[in-house]
Amino acid sequence: MTETVNRSARAAFALLVVATVAAFFVTQRLKTGEAVVKNIVVQAYMSPNADGLMDRARMAFTLPRGDRVTLDMDDPQGDRVRRLLDGAHLGRGRHTFTWDGKNDNGLVPRDGHYYLRVVLRDQGRAVTSPTGVLLLTHPPRPRIVSVSPRLGLARRVTPVTVRFVGPSGSQPVLRIWRTDRRPPVLVATVMGRRGSHSLRFGGTVGGRPLPPGDYSVSVSVRNVALVEGSFPPHLPPTRLESLPGTGFSVIGTVAAGPLEPVAAGGTARLSVEGGGGRVRWQLRRLGAPRTIAHGKAKGPVVAVRIPRRASAGEYVAVVTQRGRTARVPLTVRAGRRRRVLVVVPTMTWQGMNPVDDDADGFADTLFSARSVPLARPFAHGRLPAGLTAAVGPLLRFLEAHGLHFDVTTDLALARGHGPLPAGHAGVVLAGPETWTTARLAVQLQAYVRTGGRVLSLGVDSLQRAVVLTTTGLEEPSRAAPADAFGEDLASPELGRPAPLVASSDRIGLFGGTNGVVGSFIETEPARSLPHGARSLAAAGREGRGPALVAYRLGRGMVIRIGTPGWARLLDSSPEVAAVTERAWALISR
């Protein structure tokens, strides 16, 4: 690419010099009628930005006779900007000089035209070039108008066409960046045609179609002074400088399912994307290899039948289309009522779902966007990380120990759809409720103050508000210092693996242990309990605030386990298992 640019620079220089050559004849002639300075030539453009292209301007003139000469670069008002030569004797003939684009103070002046002034001291005459060199330092600002298509399918070659506005005198450069890697990775570079405002990427890298992912597009151009400018202005691209419609995504088979519980014996309708064709589906209990139901479908909507005898819990619908597979979580509610209600955080899963909704090349989550749709499929056809890392291990533990429960999702609670906390002895927040509605926060606090009991697992929970609409989650807030119950929480802390050590226990929460539980890297200490709360138990890392707390609030109780690593130790740590069983016993009374 460097060789191409250098050839362009030489060609541009030759053309521009020819275009601006001027032979200047002074109005005051010698007695013989001969001009005092002949054939003044100045370079048309320059860009003193140290990129090696047009950093210096060349100029030349011919003297019919020798003289003491002063050379200045003047601005359009005739004021001197830089003195190039001061009273030096130049003989008869052709003379060439260069200007580095700086003024007498060593600084680059503002963009504009600058003129060569030749002063002949002995003859008492001065000549100014009729045309000046145009100094340009500001980069051009191209703008991408469209990228199409916005969605490509994995394993298929999908050419991408990019249209832009801006200078096109030199070859534009199209770059494709994969942004679901940190930092963004340059995967392809395409040189366009000079004079064209359309660029085409063939859709392959190394002869293969692009893999599934999110991709941002940049276009770089050069102005007449060969100053390069890009859209986005800085590369690699960032979310802040990208605009909707300036990127695209490549997807495999993906599917979206209901975020509220489906009753056993009912039907879950899945929306499938990924290339069309016949769809096969299988239904399995989370973590179990056995298929409990299966079927086929022709269209993009797949009806998954839930067996009548399915017990409450999390299930996975495995959808296969053209050899590509997507997995969709399904929360299934059984008919028999239980004393404890387990809440699955589907709003949090969707809020963290990394899908590029506005085609700016970057995935949208509630951490980066002002809204996300509820109906979008989970990225790359994978299960939410919160399901596999937290909720799944907890539910498997409860099932293995015969601890029966009702189940719902936070989205269903926020919409007021049953089952509701009222009528249950306890509620388990099975994973962090990173975003919750104001209504749900008030509902949970009222439930506790009137005698309900809550077991909450995870960090950064119940501290961020979100507005629930019929189609999405909007206006996410920053994390408040206190959670929905009023407990003041410090930011999660990372450290070397260390256990939680009990510092108090009035309710036997740590019964069956020696007061030392697990080994954790990340914990979320409490700074203070809610106003009016009475501490019942506490444990934390040595020298840190308590991350596992139990307290009385009103007539109810809250047990908060402030570490994301709790669920993964349920099968391997007897102490973690014992505390979990004891917490269950306390909230289910």
- [ ] Report yes or no: does Y447 contribute a side-chain atom to a donor-acceptor pair with the main-chain N or O of H424 at less than 3.5 Å?
- [x] yes
Only pairs under 3.5 Å count here: list side-chain donor-acceptor contacts from residues 262-276, not counting sequence neighbours, and write none if there are none.
none

TODO: Measure the spacing between OG1 of T409 and CG of L259 and express it to the nearest 0.5 Å.
DONE: 7.0 Å
Open item on the list: Testing the basics here: between P159 and P149, what is the closest heavy-atom pair and its distance to 0.1 Å?
Closed with: O-CD, 3.3 Å
Open item on the list: Has T434 got a side-chain atom pairing as donor or acceptor with T348's backbone, closer than 3.5 angstrom?
Closed with: no
Task: E433 side chain reached by P345 side chain, heavy atoms, under 4.5 Å - done: yes
Open item on the list: To the nearest 0.5 Å, what is the distance between CZ on R333 and CD on E260?
Closed with: 10.0 Å
Task: side-chain hydrogen bond (donor to acceptor under 3.5 Å, both in side chains) contacts in which one or both residues fall within residues 457-478, not counting sequence neighbours - done: D460-R464
Task: Step-by-step side-chain contact (heavy atoms from CB on, under 4.5 Å) determination, T253 to R322 - done: CA-CA 9 Å; T253 295; R322 296 184 179 274; 6.0 Å; no
- [ ] Check whether any side-chain heavy atom of S146 sits under 4.5 Å from a side-chain heavy atom of R163, and report yes or no.
- [x] yes
Open item on the list: Measuring only between side-chain heavy atoms, which start at C-beta, is V162 closer than 4.5 Å to F248?
Closed with: no
- [ ] Please tell me if the side chains of P421 and L413 come closer than 4.5 Å, counting only heavy atoms from C-beta onward.
- [x] yes
Open item on the list: Nearest 0.5 Å, please: how far is CD in Q171 from CZ in R194?
Closed with: 6.5 Å
TODO: Compare every heavy atom of F201 with every heavy atom of A188, then report the nearest pair and how far apart it is.
DONE: CB-CE1, 3.6 Å
Open item on the list: Checking the side chain of S368 only, and the main-chain atoms of D364 only, is there a donor and an acceptor separated by less than 3.5 Å?
Closed with: no
TODO: For the pair D356 and R239, find out whether any cationic side-chain nitrogen is under 4.0 Å from an anionic carboxylate oxygen.
DONE: no
Task: Within 6.0 angstrom of H294 NE2, more than 12 heavy atoms from elsewhere - done: no
TODO: Evaluate the side-chain proximity of L394 to V428: yes if any heavy-atom separation is below 4.5 Å, no if none is.
DONE: yes
TODO: For H197 and G166, indicate whether the former's side chain and the latter's backbone hold a donor-acceptor pair under 3.5 Å.
DONE: yes
Task: Ring geometry between W349 and F378 (parallel below 30°, tilted from 30 to 60°, perpendicular above 60°) - done: perpendicular
Task: Heavy-atom donor-acceptor pair, T179 side chain to S216 backbone, under 3.5 Å - done: no
- [ ] For the pair D111 (side chain) and T137 (backbone), establish whether a donor and an acceptor sit closer than 3.5 Å, ignoring hydrogens and angles.
- [x] yes
- [ ] Please report the C-alpha distance between R285 and S311 in whole Å, then the side-chain angles of each, then the deciding distance to 0.1 Å, and finally whether the side-chain contact (heavy atoms from CB on, under 4.5 Å) criterion is met.
- [x] CA-CA 9 Å; R285 193 167 182 86; S311 57; 3.0 Å; yes
Open item on the list: Quick check: closest heavy atoms across G152 and T158, and the distance to 0.1 Å?
Closed with: CA-OG1, 4.0 Å
TODO: Identify the two heavy atoms, one from G202 and one from V157, that lie closest to each other, and give their separation to 0.1 Å.
DONE: O-CG1, 3.3 Å
Task: Atom of A441, atom of A484 and distance for their closest heavy-atom approach - done: CB-CB, 3.8 Å
Open item on the list: Run the side-chain contact (heavy atoms from CB on, under 4.5 Å) test on I306 and Y315 for me, step by step, so that the C-alpha distance in whole Å, both residues' side-chain angles and the decisive distance to 0.1 Å come before the verdict.
Closed with: CA-CA 10 Å; I306 311 298; Y315 291 75; over 6 Å; no
Task: Donor-acceptor contact present, side-chain D410 to main-chain M347, <3.5 Å - done: yes
- [ ] Any chance you could measure R290, atom CZ, to Q282, atom CD, to the nearest 0.5 Å?
- [x] 12.5 Å
- [ ] Find the distance between OG (S371) and CG (L366) and round it off to the nearest 0.5 Å.
- [x] 8.0 Å
Open item on the list: Side chains of V217 and L174, heavy atoms from C-beta outward: is any pair under 4.5 Å?
Closed with: yes
TODO: From the options D51, N49, D55, select the one residue that forms a side-chain contact (heavy atoms from CB on, under 4.5 Å) with L53.
DONE: D51
Open item on the list: Test your reading of the model: is there a side-chain donor-acceptor pair from R141 to the backbone of P233, 3.5 Å cut-off?
Closed with: no
Open item on the list: Contact between V173 and M191 at the side-chain level, heavy atoms closer than 4.5 Å - yes or no?
Closed with: yes
- [ ] Drop me the distance from L341's CG to L429's CG, to the nearest 0.5 angstrom.
- [x] 9.0 Å
Task: Pairwise side-chain contact, P232 with S218, heavy-atom cut-off 4.5 Å (strictly under) - done: yes
TODO: Quick one: closest heavy-atom pair of P140 and V227, and the distance?
DONE: CD-O, 3.2 Å
Open item on the list: When you measure from the side chain of T563 to the backbone of E522, do you find a donor-acceptor pair of N or O atoms at a distance under 3.5 Å?
Closed with: yes
Open item on the list: For A385, is there any backbone N or O sitting under 3.5 Å from a side-chain donor or acceptor partner on T388?
Closed with: yes
Task: Intermediate values then yes/no, side-chain contact (heavy atoms from CB on, under 4.5 Å), W435 and L473 - done: CA-CA 9 Å; W435 293 277; L473 302 172; 5.9 Å; no
